[in-house]
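Notes for the one structure printed next.
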Amino acid sequence: MSFPLLTATAALPAIGAIATAAVPAARRTAAKWLALLFSLGTLVLAAVVFLRFEPGGDRYQLTESRAWIADFGVRYELGVDGIGVALLGLTALLIPFVIVAAWHDADPLETKSTRWRPTQGFFALILMVEAMVILSFVATDVFLFYILFEAMLIPMYFLIGGFGDRAHAGTDESAATQRSYAAVKFLLYNLAGGLIMLAAVIGLYVVAGSFSLSEIAEARANGSLEMATSTERWLFLGFFFAFAVKAPLWPLHTWLPNAMGEATAPVAVLITAIVDKVGTFAMLRFCLGLFPEASKWATPVVITLALISIVYGALLAVGQRDIKRLIAYASISHFGFIILGIFAMTSQGQSGATLYMVNHGISTAALLLVAGFLITRRGSRLIADYGGVQKVAPVLAGTFLIGGLATLSLPGLAPFVSEFLVLVGTFSAYPVAGIIATSGIVLAALYVLVLYQRTMTGPVQESVRSMPDLRARELVVAVPLIAVLIFLGVFPKPLTDVVNPAVEHTMSDVQKKDPQPEVEAAK
């Protein structure tokens with residue numbers, strides 16, 4: 001068997017997590033550098049995966065298959081398609097920036113005791129999340145994917161509840177209570193979705209006799225697998241519910257503002273830019289791939305929920321007083337666009353949705369991490385506590401502005417391409433839905449520009465007068481992310497070449513073709 005590249009790419013951060021956790025308590029800096037080294041090594045392996053992937057080749061490439069729980073038909077089966085390789089690359093790209101941005105976030109406030117290892121534990125948990133997310137993007141066994149889908153909740157729970165944002169107006173006790181509430185809410189919502197999905201996974205095995213995507217696809221193609229309409233719909237709902245919670249889709253979204261608000265900015269990036277993408281990715285791979293007829297049956301309702309998410313998330317972002325909660329509600333609106341593109345079931349819509357997953361991850365990371373640097377300096381998340389920052393910290397204000405402009409999908413920045421494709425693909429199949437979705441663009445301009453105006457312009461508040469500009473470590477985080485946003489904004493071809501063939505396979509699964517434009521014959 002050839003070198004197991006996909007296993008190695010997921011195993012390296014897992015090994016890094018163990019090694020980082022084992023660093024002696026007094027050597028916190030060594031633990032940070034070790035975690036960063038393993039994340040960079042994972043990025044190198046992800047680049048190798050991307051370069052070895054052939055867009056015009058087999059649907060699943062670099063495949064690995066080994067017996068795991070043979071008595072129950074469970075296999076350790078991996079393979080990457082164009083959508084999975086794009087999201088694997090996103091994950092590997094962002095984690096080093098998350099680690100550098102979080103360099104001091106887990107430093108103990110008291111240095112008297114060296115028995116505990118909060119710093120080591122913090123960075124080990126980040127690497128463990130990376131390993132599980134990468135493996136979930138390449139798992140082609142449904143049961144293996146389910147295990148990863150649930151297991152990643154454990155390190156995320158501790159990252160939210162144990163290492164919360166220190167910029168609180170209340171007492172330490174009240175801050176701890178809020179963190180605990182946010183972590184428990186995150187866990188309960190996602191566990192509820194996962195339990196319903198477990199019932200659907202078992203039901204799928206009863207019907208199909210296998211957990212393997214390739215075996216199920218082969219059985220469907222040769223006619224040996226036929227699902228009753230009602231059975232397929234119930235199984236679809238079980239999977240979709242779990243993915244809609246993870247995504248998150250209205251009305252299952254309420255855990256996200258709490259989790260992002262109470263987590264540190266780098267952990268908030270981990271939540272919305274990386275972990276939540278597993279939900280939308282799974283809608284493409286499992287909902288549409290395994291249950292094509294049920295997916296078409298549910299399309300009107302899903303599109304309606306996606307439109308509500310777009311408008312609702314944007315409206316609530318406009319009214320927020322907390323910087324991080326504003327970004328959280330903006331993300332709910334953006335996830336609405338992603339799900340809209342998936343269920344528009346056009347090639348432009350699904351290509352745009354996949355690009356949106358990648359571009360939203362990069363743009364949200366840029367905006368949220370710079371916002372985290374701002375909040376750390378002032379010690380407050382409230383918009384009203386800022387004003388005139390651009391006069392005392394122009395580089396910070398400039399990077400914050402570019403991140404915000406990417407969030408509102410300004411032409412020339414990466415999210416514009418994906419949002420444009422989603423709207424074109426939606427409008428060609430559902431014109432009314434496309435028109436409604438455009439309101440999200442207008443509202444995005446409103447909440448982003450108002451946020452910038454209130455925090456960065458106007459008279460300099462006394463509390464920010466001595467605020468320092470971005471330091472070297474912070475520039476290492478912000479500048480490359482902005483460079484990627486600009487590069488993919490003017491030259492998205494490296495991603496579209498990889499994504500489009502995978503989208504064609506998904507369109508074939510659901511037996512859909514792009515609507516043809518009506519052209520009047522010349523008289």
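We count residues from 1, following the sequence as given. Side chains included, hydrogens not; waters and symmetry mates left out as well; all remaining heavy atoms used.
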Mark yes or no for whether [X], through its side chain, and [Y], through its backbone, hold a donor-acceptor pair below 3.5 Å.
X      : Y      : value
Gln350 : Ile342 : yes
Lys277 : His360 : no
Glu232 : Ala294 : yes
Ser351 : Gln348 : no
Ser508 : Glu504 : no
Asn359 : Ala414 : yes
Thr63  : Gly79  : no

Which atoms form the tightest heavy-atom contact between [X] and [Y], and what is the distance?
X      : Y      : answer
Phe286 : Ala139 : CZ-O, 4.3 Å
Ala86  : Val499 : CB-CG2, 4.3 Å
Gly121 : Phe163 : C-CZ, 4.5 Å

Does [X] reach the side chain of [Y], with side-chain heavy atoms less than 4.5 Å apart?
X      : Y      : result
Ile95  : Ile274 : yes
Leu135 : Tyr76  : yes
Thr346 : Thr426 : no

State, without any angle test, whether [X] and [Y] hold a side-chain donor-acceptor pair at a distance under 3.5 Å.
X      : Y      : answer
Tyr447 : Thr407 : no
Ser212 : Ser214 : yes
Tyr356 : Thr280 : no

Going by ring pair (Phe, Tyr, Trp, His ring centres under 6.0 Å), name the residues that satisfy it together with Phe38, two or more places apart in sequence or in a different chain. none

If you take the centroid of each ring, where Trp contributes its six-membered ring, are Phe211 and Phe145 closer together than 6.0 Å? no

Hey, would you say the His253 and Phe335 ring centroids sit under 6.0 Å apart?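 They do not qualify: ring centres at least 6.0 Å apart.
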
Tell me which pairs pass salt bridge (charged side-chain N to carboxylate O under 4.0 Å, His left out) where either residue lies in residues 123-151, with sequence neighbours left out.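 Listed by first then second residue: nothing to list.
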
Quick check on ring pair (Phe, Tyr, Trp, His ring centres under 6.0 Å): which of Phe291, Phe343, Trp234, Trp297 does Phe240 satisfy it with?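 Filter result, single survivor: Phe343.
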
